[in-house]
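Some notes on the structure that comes next.
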Amino acid sequence: MFRSNIARLAAFDVTVIGGGPGGYVAAIKAAQLGLKTACVDKRGAPGGTCLNVGCIPSKALLYATHMYHDAHANFAKYGLRGGEQVTMDVAAMQVQKTKAVKGLTSGVEYLFKKNKVTYYKGEASFVSASSLKMKGLDGKEEAIESKKTIIATGSEPSALPFLPFDEKVVMSSTGALDLDHIPKKLIVIGGGVIGLELGSVWARLGSEVTVVEFAPRCAATADADVSKALTDALVKHEKMKIMVNTKVVSGTNNGSSVTIEVEGKDGKKQTLEADALLCSVGRRPHTAGLNAEAINLKMEKGFVCINDHFETNVPNVYAIGDVVNKGPMLAHKAEDEGVACAELLAGKPGHVNYDVIPSVIYTNPEVAQVGKTEEQVKKEGIDYKVGKFPFSANSRAKAVATEDGFVKVVTDKKTDRILGVQIVCTTAGELIAEATLAMEYGASSEDIGRTCHAHPTMSEAVKEACMACYSQTINF
């Protein structure tokens, strides 16, 4: 069955393939529930894309560049002088980013030890539904017998066929996070979360950033009002150029520059050239190396098929996270699935409410939403109400001169139950938690509107938007 140089046979109740947010959380939770657990991850540092080359490093760069931009663009209005003399040391910024990532990855390894999870640095592949071959990063191989296996191998960036990644000129998010210089011109293909966030990073530092988006608007899954407010702010404050209804028809990596041809909705074509290009047109499930054929694992469009209990078509093989076509490709969704799946394997109830999963774009202002947009409820024929409150009328936002944005609440007109909340402001990612909790418990807008909120806080805008749904605002 295995080659003769396999070192030994290890046996577990649960083996998790993949150490990203879904995988490492599933492994820890399974161990906490008394199951003998292993986690196999080939990156060499746990945490997956999110921790190593995604959510965490991008936030480090977003924060650093936000402070830099603030110094140049906003310090004077607070009475702070000399902000224009602040310079950016890109190398030092990258060192801080790397330090944060290493601290968190080592933290996950500590949690594995604390919870007695056996951690393998290597690649696991199926031999049978209950047998795995683990090839370590050191070249050694081990056989693993597992009563149950969870596939949590995540996703990877999708490239355009005519512009493969070299991570220097034509970059995925991984390359854009590791740039050691500020490109004079940067083209971003894709105006979604990754494109807008990383485009913001380099725009703040002085790059001429052009975003090319095929859809009619950037942040296409967001509420139309939200998308407009965000793109208007990025154009105004960070001087980003945004081209919508535009497709990329060809491109060439010139070695030290890149050239693309784009076509507008009117059929007119034009050529764009830049020092670097970030391709952020989406992500695809990563299943290479699993040897899924050995167990006849069912997949559709690259995704592993599962039922409502994370079960694949193969008995005792489960899947969670980005590798399954269920819910959004978000780290926190994968984490919740990891917990729920482990609980089910331990004989306990486990559940994920896919209707109440928040999403955030960490630009400035931030965008956060949970539940349905106004467009969605209108399309579904739901009789609804909308309550909206601008941060220009919020005391805290006014005091600190961060007045861009608003809170928008969508409710069922008959029951007042909250169906969706969208927020645009500097702290939207934090404020959305209140709305998410309210929706998880089936709250009405009146429930939030009659709850006392501290003053002065940005969260009062959430309260006022809810008041606008069932009654009237006080401060607008």
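The basis for the numbers below is simple: all heavy atoms, side chains too, and nothing from hydrogens, waters or symmetry mates.
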| Just by modelled atom types, is the Lys298 backbone N or O under 3.5 Å from a matching donor or acceptor in the Asn313 side chain? | yes

Is the shortest side-chain N to carboxylate O distance from [X] to [Y] below 4.0 Å?
X      : Y      : answer
Glu273 : Lys185 : no
Lys333 : Glu337 : yes
Lys241 : Glu208 : no
Glu197 : Lys59  : yes
Asp41  : Lys121 : no
Lys326 : Glu300 : no
Glu374 : Lys408 : yes
Lys135 : Glu123 : no

| message | Counting only heavy atoms not in Lys268 (residues, nucleotides, ligands), do more than 12 fall under 6.0 Å from its NZ? | response | no

| task | Classify the ring geometry between Tyr24 and Phe112 as parallel (under 30°), tilted (30 to 60°) or perpendicular (over 60°). | result | perpendicular

| message | Are the side chains of Glu380 and Lys372 in contact, using a 4.5 Å heavy-atom criterion? | response | yes

